[in-house]
**Q** 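This is the structure I have questions about; it appears just below.
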2 protein chains.
Amino acid sequence: MQDDDGAQLVRDGGSLYRRVAADLREAIAAGSYGSGGRLPAEGALAQRYGVSRGTIRQALAVLRSDGLVTSRRGTRRVVLGTARVQSFSELLSFTSWARSVGEEPGGAMESLVRRPADDRECEQLRLEPGAEVYVTLRLRTLSGRPVMIERTVYPPRVGELVAQLPADAVSHTELLLEHGIVFSDADHTIDLVHADTDDSRLLGCTAGEALLRERRRSTDPAGVPVEWSEDRYLPGTVAFTVHNSIAASALSRRHRPAPDPHSPDVTRG
Amino acid sequence: MQDDDGAQLVRDGGSLYRRVAADLREAIAAGSYGSGGRLPAEGALAQRYGVSRGTIRQALAVLRSDGLVTSRRGTRRVVLGTARVQSFSELLSFTSWARSVGEEPGGAMESLVRRPADDRECEQLRLEPGAEVYVTLRLRTLSGRPVMIERTVYPPRVGELVAQLPADAVSHTELLLEHGIVFSDADHTIDLVHADTDDSRLLGCTAGEALLRERRRSTDPAGVPVEWSEDRYLPGTVAFTVHNSIAASALSRRHRPAPDPHSPDVTRG
DNA sequence: TAGTGGTCTAGACCACATT
DNA sequence: ATGTGGTCTAGACCACTAA
């Protein structure tokens with residue numbers, strides 16, 4: 001909430017534009033501009049916050065990419081939604097997401113094996129042929145309820161660390177972060193798959209039942225792959241949401257080349 | 001592909017940074033920097049293209065949001081992927097997407113009714129209570145194969161135009177665009193649903209079979225809702241992909257509040 | 001220590017929407 | 001005609017990475 005002549009951005013955040021963005025986000029959430037209302041002009045905001053127009057534009061770019069406001073030449077920005085909470089870690093980490101929705105996350109390691117990587121895994125994790133990988137199978141729970149099965153393939157550097165974690169560790173992501181493994185980019189593919197025997201046994205569903213699948217390949221800030229994972233959710237426990245605008249989109253449909261059982265199931269580049 | 005001292009950006013696109021981005025994208029796709037390789041420094045690129053560093057940074061922001069390159073302080077940018085094609089329209093329009101993957105899109109209008117909007121629809125389309133809406137049910141096909149059922153609710157202004165389209169019109173989005181209806185922002189929710197009798201009849205699947213569902217609310221550049229749609233895909237015909245980075249994300253998980261049959265099925269804000 | 005990307009400024013001109 | 005956001009420039013300083 002900013003003042004009339006406000007210049008106090010007492011907020012915590014690091015850079016100036018982030019603090020401005022956080023302040024504007026709060027004001028929008030508080031309904032200061034109404035849903036469908038208009039934001040002040042960039043110049044006015046610059047004056048109010050005592051920063052340059054460039055910094056204001058940087059802050060507004062954040063809100064735009066979050067789907068909070070529109071932007072087009074000639075008119076003031078329009079407020080699209082009143083709130084929206086989403087962070088990178090919430091999508092990447094089951095634990096982080098569970099906590100953000102007020103549920104108690106759990107994770108039980110069902111198996112962890114070390115074995116040579118197959119061709120697919122070498123390609124995805126950018127490993128030399130013959131390299132070894134660590135493969136985990138975990139049951140994830142929300143407040144004790146089984147919700148998701150997680151199969152993850154780690155490259156050696158990361159897998160060695162994972163192998164040392166306790167079997168009931170809740171958040172691998174957070175523990176790996178403490179060891180200097182940073183997740184910074186990820187590609188996700190969402191589709192539908194049918195439960196196999198492991199799935200049905202652990203999730204308590206019938207074999208062949210449809211599950212929502214999310215596959216993901218994550219890299220560190222240097223672009224080096226750190227995990228390749230396949231998560232299978234019980235129906236009704238989760239939905240994925242995305243916002244895109246004509247200005248900047250991140251999501252796309254991926255085609256499954258129809259009745260052609262020859263090629264392997266490759267929906268990830 | 002840029003030259004050693006290149007300054008020729010003969011490309012079509014409008015703004016300078018877009019042409020630079022397109023040029024860099026091509027160079028990356030051509031493998032000029034290798035996968036996992038490093039881009040030249042911003043300053044070097046600025047000199048090469050004869051533009052300011054700010055413009056280069058604008059171009060690189062495009063590539064970063066497409067998941068093509070990383071970026072972190074202290075090091076040159078790293079190439080993440082070699083290619084990635086995705087546009088806003090591909091996600092929004094079944095027709096546009098189908099064409100981009102080389103399939104022949106089709107659409108058959110099964111029904112179109114005009115009726116008063118319910119509370120949910122008024123809220124989603126930001127209409128006054130008692131306003132009327134146009135509701136369509138369409139079967140979408142790829143090269144003749146049934147693939148998806150599309151249920152769309154339009155506000156009056158848009159619905160009146162839709163009602164005048166031929167029943168076998170392939171792309172409503174494109175035809176509406178010719179009438180000045182522009183889709184510029186959309187919120188998507190992806191989850192799993194079971195086929196009802198309409199679904200099974202039109203898609204040729206068994207009732208109760210699991211389908212991949214995408215719900216979407218789209219607005220025009222002024223933030224005014226122009227459609228609220230629910231699409232149901234046959235399993236195996238489509239997968240949704242998304243890229244996100246610690247810098248900017250657009251996707252999130254949405255929680256389904258578990259065994260509580262009281263509250264209506266609201267997974268969209 | 002040198003090089004890199006991240007942030008911020010101040011100013012300019014243009015394309016577009018609205019009046 | 002006015003005001004708005006979009007684009008572009010030139011320069012500055014800082015935080016971080018890597019040698």
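Worth knowing before you read on, the calculation uses all heavy atoms, side chains too, and leaves out hydrogens, waters and symmetry mates. Order of the sequence lines sets the chain letters (A, B, ...), proteins ahead of strands, with each chain counted from 1.
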**Q** Counting only distance, no hydrogens or angles, is the base of dG6(D) paired donor-acceptor with the side chain of R53(A) under 3.5 Å?
**A** yes
**Q** Output the single nucleotide from dT7(C), dA18(D), dG6(D) whose closest atom is nearest the side chain of R18(A).
**A** dT7(C)
**Q** Look only at the side chain of S65(B) and the backbone of V62(B), and say whether a donor-acceptor pair between them is shorter than 3.5 Å.
**A** yes
**Q** Nearest to the side chain of Y17(B) - dT7(D), dG6(C), dG5(D)?
**A** dT7(D)
**Q** Which nucleotide in the list dG5(D), dC8(D), dG6(C) gets nearest to the side chain of S15(B)?
**A** dC8(D)
**Q** How many Å lie between CZ on R76(A) and P on dA17(C), as a whole number?
**A** 17 Å
**Q** I need the CG-P distance between L60(B) and dT7(C), as an integer number of Å.
**A** 14 Å
**Q** Between dG6(C), dG6(D), dT9(C), which nucleotide has the shortest distance from any of its atoms to the side chain of R57(B)?
**A** dG6(C)
**Q** Over all strands shown, is R77(B) touching base, sugar-phosphate only, or nothing at heavy-atom distances under 4.0 angstrom?
**A** sugar-phosphate
**Q** From OH of Y49(A) over to P of dT9(C), roughly how many Å is that when rounded to an integer?
**A** 14 Å
**Q** So which one's nearest nucleotide on DNA chain C is more toward 5', T55(A) or T75(A)?
**A** T55(A)
**Q** Select from G74(B) and R73(A) the residue whose nearest nucleotide in DNA chain D is closer to the 5' end of that strand.
**A** R73(A)
**Q** Without decimals, in angstroms, what is the distance between I56(A) CD1 and dA10(C) P?
**A** 13 Å
**Q** Could you state the atom-to-atom distance from CG of L16(A) to C1' of dC13(D) in whole Å?
**A** 14 Å
**Q** Are side-chain heavy atoms of S229(B) and E150(B) found at a separation under 4.5 Å?
**A** yes
**Q** Salt-bridged, E174(B) to R99(B), with N to O below 4.0 Å?
**A** yes
**Q** CZ of R64(B) versus C1' of dG5(C): gap in Å, rounded?
**A** 11 Å
**Q** If I take atom CG in residue L45(B) and atom P in nucleotide dT9(D), what distance separates them, rounded to the nearest angstrom?
**A** 14 Å
**Q** Between D187(B) and R216(B), is there a salt bridge with N-O shorter than 4.0 Å?
**A** no
**Q** Does either side chain, that of H243(B) or that of D185(A), offer a donor lying less than 3.5 Å from an acceptor on the other one?
**A** yes
**Q** What is the distance from CG of L39(B) to C1' of dG3(C), rounded to the nearest Å?
**A** 16 Å
**Q** Contact class for R72(A) vs. all strands (heavy atom < 4.0 Å): base, sugar-phosphate, or nothing?
**A** sugar-phosphate
